[in-house]
**Student:** 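I'd like to ask you about the structure that follows.
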There are 2 protein chains.
Amino acid sequence: MALRDARTIHDTAAERLAGLDQRYTRVRRALVELLAGAEAPLALPQLLERDRSLAQSSAYRNLVVLERAGVVHRIVTADEFARYELAEDLTGHHHHLICTTCGEVRDFTMPPGVESQLEGALGRVAGENAFAADHHRLDLIGTCADCAAAR
Amino acid sequence: MALRDARTIHDTAAERLAGLDQRYTRVRRALVELLAGAEAPLALPQLLERDRSLAQSSAYRNLVVLERAGVVHRIVTADEFARYELAEDLTGHHHHLICTTCGEVRDFTMPPGVESQLEGALGRVAGENAFAADHHRLDLIGTCADCAAAR
DNA sequence: ATGAGTGCAAAGGCTTTGCATTAGG
DNA sequence: CCTAATGCAAAGCCTTTGCACTCAT
């Protein structure tokens, strides 16, 4: 997750929540803590498993709040569960390797040159289509090493 | 959807289904017909609306079959419904503009130079991670012109 | 005290499945 | 004929919501 200083992340989270008149509560802190410590985006069952004190509904509810505050980003794959990670401005821009067999998601980054050329091209595409782009999403879909070995 | 000759698409669909010992039935043909004629990936309600003779369960069931046969591709967005389009080898490689407000999906293509450089970089990333890449997915997430105008 | 936050349980909503009927080869 | 496919209705499953309780300000 390329985590930055933990204090900074919590401070930032608290600030952004405050901007929406939301508190930085125990559950919210726990979620941010888990996501900051994770090596990949986590699905809800994984979150509940890693912190047994979390209630399912509260986790979902607070992930929505954290997403609205721009602290957490929600990833939808073809997998059954949505996955959550810290927002890109907290972790750095990256992309995902998505395994269609086990559903796991892993981060990767592109060489800066390719990335910037990509951004340029996407900017042009957005302009041509009068599309107000918020961000782009680039994923590699396939089979991870573990799943390939397992069959 | 950059559709090719309609006859070719149906023939190809029939062939691929035959390879899995599946028939090319009325419902399956109707689904392929709709997707080939659509200007964008369609969600299930849109399919049912465009062909009132389709039963919901049969549509879902056959989309699964068509996807397994490599005729149809399923797209998952943050939107409530999954969307379906013809497989890329039938329509050509392309990407998606995804509107987070209305959920609509629109196709776009990248300049060949950028696309090929991208492929090269992704190939290298896959190699480094021992990841067997099946395909990549590049989407632009934001607000479409209609939704931007509407607010 | 008083409104936000929490957690349990129940409801929602997209998708899948059971089963009896129909049709294609 | 006989198996695959269809369609209705019901069930599944992830996620959201209702509501009473708790906690922080």
Side-chain angles (χ1 to χ4, degrees), chain A residues 10 13-34 41-49 51-69 71-84 100 102-105, chain B residues 10 13-34 41-49 51-69 71-84 100 102-105:
Chain A
H10 287 300
E15 271 169 35
R16 293 188 185 177
L17 285 169
L20 293 169
D21 289 314
Q22 305 271 359
R23 301 174 190 157
Y24 195 42
T25 62
R26 191 202 119 249
V27 174
R28 293 171 188 174
R29 180 178 298 269
L31 289 170
V32 169
E33 190 70 31
L34 284 176
L42 299 179
L44 202 96
Q46 299 174 306
L47 290 168
L48 298 185
E49 185 185 308
D51 185 340
R52 297 304 176 85
S53 77
L54 291 175
Q56 186 186 55
S57 66
S58 294
Y60 273 122
R61 203 145 23 197
N62 284 301
L63 286 166
V64 171
V65 173
L66 288 167
E67 193 184 12
R68 257 204 302 263
V71 176
V72 160
H73 182 63
R74 176 187 163 135
I75 304 166
V76 181
T77 69
D79 194 30
E80 45 208 337
F81 288 95
R83 301 194 172 239
Y84 301 88
T100 51
C102 67
E104 280 310 311
V105 176
Chain B
H10 287 299
E15 271 169 35
R16 293 189 185 174
L17 286 168
L20 293 169
D21 289 313
Q22 303 271 359
R23 302 174 190 157
Y24 195 42
T25 63
R26 192 202 119 248
V27 174
R28 292 173 189 173
R29 180 178 299 270
L31 289 170
V32 169
E33 190 69 31
L34 285 176
L42 299 180
L44 202 96
Q46 300 175 305
L47 290 167
L48 299 184
E49 185 186 309
D51 185 340
R52 297 304 176 82
S53 76
L54 291 174
Q56 186 185 57
S57 66
S58 296
Y60 273 121
R61 202 142 30 193
N62 284 300
L63 286 166
V64 171
V65 172
L66 288 167
E67 193 184 12
R68 260 204 300 265
V71 176
V72 161
H73 182 63
R74 177 188 162 136
I75 305 166
V76 181
T77 68
D79 193 30
E80 46 208 339
F81 289 95
R83 303 198 169 233
Y84 302 87
T100 51
C102 65
E104 281 310 310
V105 177

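Letters A, B, ... mirror the listed sequences (proteins, then strands); counts begin at 1. Since the model is a prediction, treat every value here as computed from it, not as a measurement.
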**Student:** Ignoring backbone atoms, test whether A/Asn62 places a side-chain nitrogen or oxygen under 4.0 Å from the OP1 or OP2 oxygen of C/dT6.
**Tutor:** yes

**Student:** Expressed in angstrom and rounded to an integer, what is the separation of A/Leu48 atom CG from C/dT6 atom P?
**Tutor:** 14 Å

**Student:** With sequence neighbours excluded, tell me which residues meet side-chain contact (heavy atoms from CB on, under 4.5 Å) with A/Arg74.
**Tutor:** A/Glu67, A/Val76, A/Ala82, A/Tyr84

**Student:** Hey, what do you get for CZ (A/Arg83) to CD1 (A/Ile75), rounding to the nearest 0.5 Å?
**Tutor:** 8.5 Å

**Student:** Taking CG from B/Leu66 and P from D/dA5, how many angstroms apart are they, rounded to a whole number?
**Tutor:** 11 Å

**Student:** Can you find a heavy atom in the side chain of B/Val71 that is under 4.5 Å from one in the side chain of B/Val65?
**Tutor:** no

**Student:** In this structure, how many angstroms lie between the C1' atom of D/dT25 and the CG atom of A/Asp21, rounded?
**Tutor:** 14 Å

**Student:** Can you tell me the distance, in whole Å, between the CZ atom of A/Arg29 and the P atom of C/dT6?
**Tutor:** 12 Å

**Student:** Any salt bridge (charged side-chain N to carboxylate O under 4.0 Å, His left out) involving residues 14-24 of chain A? Give me the pairs, sequence neighbours left out, ordered by first then second residue.
**Tutor:** A/Arg16-A/Asp89

**Student:** Tell me the interatomic distance from B/Asp51, atom CG, to D/dT6, atom P, rounded to whole angstroms.
**Tutor:** 12 Å

**Student:** Side chains of A/Leu47 and A/Leu63: does their closest heavy-atom pair fall under 4.5 Å?
**Tutor:** yes

**Student:** Could you state the CD1-P distance from B/Ile75 to C/dC14, rounded to the nearest angstrom?
**Tutor:** 18 Å

**Student:** In whole angstrom, give the distance that lies between atom CZ of A/Arg28 and atom C1' of D/dC23.
**Tutor:** 13 Å

**Student:** With side chain to side chain donor-acceptor pair (under 3.5 Å) as the rule and sequence neighbours excluded, what pairs involving residues 52-62 of chain A come up?
**Tutor:** A/Arg26-A/Ser53, A/Arg28-A/Asn62, A/Asp51-A/Ser53

**Student:** How does each nucleotide of nucleotides 15-25 of chain C score, in 5' to 3' order, for protein heavy atoms under 4.0 Å: base (B), sugar-phosphate only (S), or none (-)?
**Tutor:** BBBB-----S-

**Student:** Given C/dG5, is OP1 or OP2 found less than 4.0 Å from the side-chain N or O atoms of A/Gln22?
**Tutor:** yes

